[in-house]
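This one's a predicted model, so the numbers in the text were calculated from it and none came from an experiment.
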Amino acid sequence: MNNQELNFAYKIRHALNESLDNLPENVTERLVHARQIAIKRKKADSPLFAAIRQTALAGNVGAFFQDQYSWLRRMGLTLPALVLVCGLMGIYQYEEQHQIRETADIDVAVLSDELPPSAYADSGFKVYLERRGG
């Protein structure tokens with residue numbers, strides 16, 4: 001919303017609030033009834049969000065952590081994230097060790113064999129090493 005629209009909305013709200021006292025009683029009762037129906041139809045919040053909102057409204061954030069199931073709610077997010085991070089770290093370590101072993105195998109093959117200098121410049125050198133090693 002830009003500034004003009006915001007000012008217009010404030011003016012409308014102010015005009016509606018001013019004329020609120022002048023409404024007939026039956027209109028006021030219908031509005032109250034309609035509001036109660038709307039509140040009943042409102043979709044229920046998730047238990048976690050409701051607990052957070054309730055403690056925020058009460059001004060006591062520490063009460064959220066005193067709930068008997070609060071540790072379970074926190075673990076519901078923390079544990080899968082921790083397992084994911086550990087799994088990704090394990091995959092990274094495995095791939096890195098695999099690459100180091102491959103490079104070491106090539107180095108051993110190069111250092112242990114007496115190869116002609118032209119073999120190092122050959123584009124099929126890796127194929128040659130694989131045939132010798134296999």
Side-chain angles (χ1 to χ4, degrees):
M1 264 186 165
N2 63 24
N3 212 7
Q4 247 182 348
E5 291 173 343
L6 193 60
N7 286 336
F8 182 68
Y10 284 135
K11 287 178 183 178
I12 290 175
R13 185 185 73 178
H14 183 67
L16 289 173
N17 285 339
E18 281 182 354
S19 62
L20 183 64
D21 295 333
N22 301 332
L23 287 176
E25 188 173 330
N26 65 344
V27 174
T28 307
E29 288 175 7
R30 287 194 336 228
L31 287 173
V32 168
H33 182 67
R35 178 174 167 72
Q36 289 172 350
I37 291 172
I39 289 173
K40 287 179 185 177
R41 288 183 185 170
K42 181 184 174 291
K43 185 177 177 181
D45 293 331
S46 70
L48 179 63
F49 182 73
I52 292 171
R53 186 183 59 180
Q54 183 180 17
T55 56
L57 290 175
N60 187 3
V61 178
F64 174 70
F65 295 106
Q66 293 172 355
D67 181 19
Q68 63 178 345
Y69 296 112
S70 67
W71 64 273
L72 186 60
R73 289 185 187 121
R74 289 183 300 211
M75 285 298 149
L77 284 174
T78 307
L79 191 61
L82 184 64
V83 168
L84 178 67
V85 168
C86 289
L88 290 174
M89 287 174 51
I91 291 170
Y92 175 76
Q93 290 294 326
Y94 172 77
E95 290 296 326
E96 192 162 312
Q97 290 298 322
H98 185 69
Q99 185 180 6
I100 289 171
R101 277 191 221 110
E102 283 182 352
T103 305
D105 290 343
I106 292 173
D107 288 345
V108 167
V110 168
L111 294 174
S112 65
D113 287 343
E114 292 183 17
L115 295 174
S118 63
Y120 294 106
D122 187 13
S123 62
F125 180 62
K126 185 175 182 180
V127 175
Y128 169 76
L129 288 177
E130 288 174 359
R131 286 186 189 161
R132 296 257 318 172

To the nearest 0.5 angstrom, please state how far the CG atom of Asn26 sits from the CG atom of Leu31.
9.5 Å
So do Arg101 and Gln97 actually touch side chain to side chain, heavy atoms under 4.5 Å?
yes
Is it true that Glu102 and His98 share a donor-acceptor pair across their side chains at a distance under 3.5 Å?
yes
Spatial distance of atom NE2 (His33) from atom CD1 (Ile37) [nearest 0.5 Å]
3.5 Å
Quick check: are there more than 12 heavy atoms from other residues, nucleotides or ligands sitting under 6.0 Å from CD of Glu25?
no
